[in-house]
Undergrad: 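My structure is below; once you've seen it, I'll send some questions.
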Protein chains: 2
Amino acid sequence: MAEAEYWLQHLQSNGFRPTAPRKAVVEIITSSRRVLNPMEVFDLARVHYPKLGLVTVYRTIEKLEKLGLLQRVHLPTGCQGYVAAYDRHQHLLICQKCGSVEYFGGDQETLENLLTDVEKKSGYRVREHWLQLFGECADCRELS
Amino acid sequence: MAEAEYWLQHLQSNGFRPTAPRKAVVEIITSSRRVLNPMEVFDLARVHYPKLGLVTVYRTIEKLEKLGLLQRVHLPTGCQGYVAAYDRHQHLLICQKCGSVEYFGGDQETLENLLTDVEKKSGYRVREHWLQLFGECADCRELS
DNA sequence: TTTTATGCAAAGTATTTGCACGGGA
DNA sequence: TCCCGTGCAAATACTTTGCATAAAA
């Protein structure tokens, strides 16, 4: 639970109190390999902290996102999913079977070449990019 | 308005009637260079067809999306935007100033190399991908 | 003791559904 | 005439806000 500890310290050093409800939310999110939406976080965190309110989940997610700890993820099925942000970019690799999410570094140079190429052809100045890949993770491929 | 005609024929050949409300919706969407959400489509289409109801906009969008004519676009600001689908992929180039959207072909080989590289490193089997670029279009760059 | 955080309830917002009427085939 | 499509109203789902109480500093 080291990651959760770190998040709580991060909250604290930004003037937010590391309370029990926030701890419950943070622990669920940091220990999940999947994208979770607010209701899922609520249901999971409530097991450990039954008094938790859904509103607190929303408010905690909002703060974590602003601090850059949490990243919102857009999926074909919905856009209120969140995962721990290990990168500023949405360079995600999402398993369509088990829902697990991971970041990939990829070949930075290849991607930059692609962006430069598009800039030349289109006349755009590219400032940001989202790249998300969907497929089957190694574990799910083994099982099938 | 050739594109709108084509969409209406497409609707018709799939058993849906080319009615006046649908025509109003289709004309707005096919003539827009920007991503539009259902309410924007409603407001714009209503100018030409005042009796239009918002529900019909939702239902028409749903049909157009299923037929593959319309594609839902996820943006940082929201996920209920739609643009004409000229490609199965979300290879979009979006202007952060004027909101205009275009598709880019890019260098297919470069992208495929990138995906293959990620597959090797991660053990994933990649089935789909989304690539969206955000920046400034040529017109907006000129103006600034 | 002071200030922030919480949970409930209520208010907004966005989207979908039920249904009687209207219009295309 | 028949059936699909429409718009209204109501229902539903999701998210935010107001406020009195509770908990942290």
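Small disclaimer: the values here were computed from a predicted structure and weren't measured.
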Undergrad: Answer with yes or no after comparing the ring centroid distance for A/His74 and B/Trp130 against a 6.0 Å cut-off, counting only values under it.
TA: no
Undergrad: Please state whether the phosphate of D/dT15, meaning OP1 or OP2, lies under 4.0 angstrom from any side-chain nitrogen or oxygen of A/Gln80.
TA: yes
Undergrad: Rounded to whole Å, please give me the gap between OH in A/Tyr49 and C1' in D/dA22.
TA: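 It works out to 9 Å between those atoms.
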Undergrad: 5'-most contact on DNA chain C: B/Leu54 or B/Thr19, nearest heavy atom basis?
TA: B/Leu54
Undergrad: Test for a donor-acceptor pair under 3.5 Å between the base of C/dT3 and the side chain of A/Arg17, counting only N and O atoms.
TA: yes
Undergrad: Measure from CG on A/Leu52 to P on C/dA5 and round the result to the nearest Å.
TA: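 To the nearest whole Å, that distance equals 15 Å.
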Undergrad: At 4.0 Å (heavy atoms only), tell me whether A/Gln12 reaches a base, stays on the sugar-phosphate, or touches nothing.
TA: sugar-phosphate
Undergrad: I want to check something: taking the side chain as every heavy atom from C-beta on, are A/Ile29 and A/Tyr82 in contact at a cut-off of under 4.5 Å?
TA: no
Undergrad: For DNA chain C, whose closest nucleotide is more 5', that of B/Ala20 or that of B/Met39?
TA: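 Closest to the 5' end, via its nearest nucleotide, is B/Met39.
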Undergrad: Could you state the CD-P distance from B/Glu40 to C/dA14, rounded to the nearest angstrom?
TA: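 Spelled out: CD on B/Glu40 to P on C/dA14 is 11 Å.
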Undergrad: Using whole Å, what does the distance between atom C1' of nucleotide C/dG23 and atom NZ of B/Lys23 come to?
TA: 16 Å
Undergrad: Whole angstrom is fine here: how far is it from CD in A/Glu65 over to P in D/dT16?
TA: 10 Å
Undergrad: Taking any heavy-atom pair under 4.0 Å as a contact, classify B/Arg59: base, sugar-phosphate, or nothing.
TA: base
Undergrad: Please report the distance, rounded to the nearest Å, between OH in A/Tyr58 and C1' in C/dA11.
TA: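 Atom-to-atom, A/Tyr58 to C/dA11, this comes out as 15 Å.
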Undergrad: Picking from D/dT6, D/dT15, C/dT6, which would you name as closest to the side chain of B/Arg22?
TA: D/dT6
Undergrad: Measure from the side-chain heavy atoms of B/Pro21 and tell me the nearest of D/dT15, C/dA5, D/dG7.
TA: D/dG7
Undergrad: Within a radius of less than 6.0 Å around CZ of B/Arg34, do more than 12 heavy atoms belonging to other residues, nucleotides or ligands occur?
TA: yes
Undergrad: Expressed in angstrom and rounded to an integer, what is the separation of B/Phe16 atom CZ from D/dT6 atom C1'?
TA: 15 Å
Undergrad: If you measure from the Lys or Arg side-chain nitrogens to the Asp or Glu carboxylate oxygens, is any gap between A/Asp117 and A/Lys120 under 4.0 Å?
TA: no
Undergrad: Let me know the distance between NZ of B/Lys63 and P of D/dG5, rounded to the nearest Å.
TA: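 Result: 6 Å.
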Undergrad: Which nucleotide in the list C/dA5, C/dC8, D/dG5 gets nearest to the side chain of A/Val55?
TA: C/dC8
Undergrad: Of A/His129, A/Gln132, A/Glu102, which is the lone residue that meets side chain to side chain donor-acceptor pair (under 3.5 Å) with A/His91?
TA: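 Going through the options one by one, the only one that passes is A/His129.
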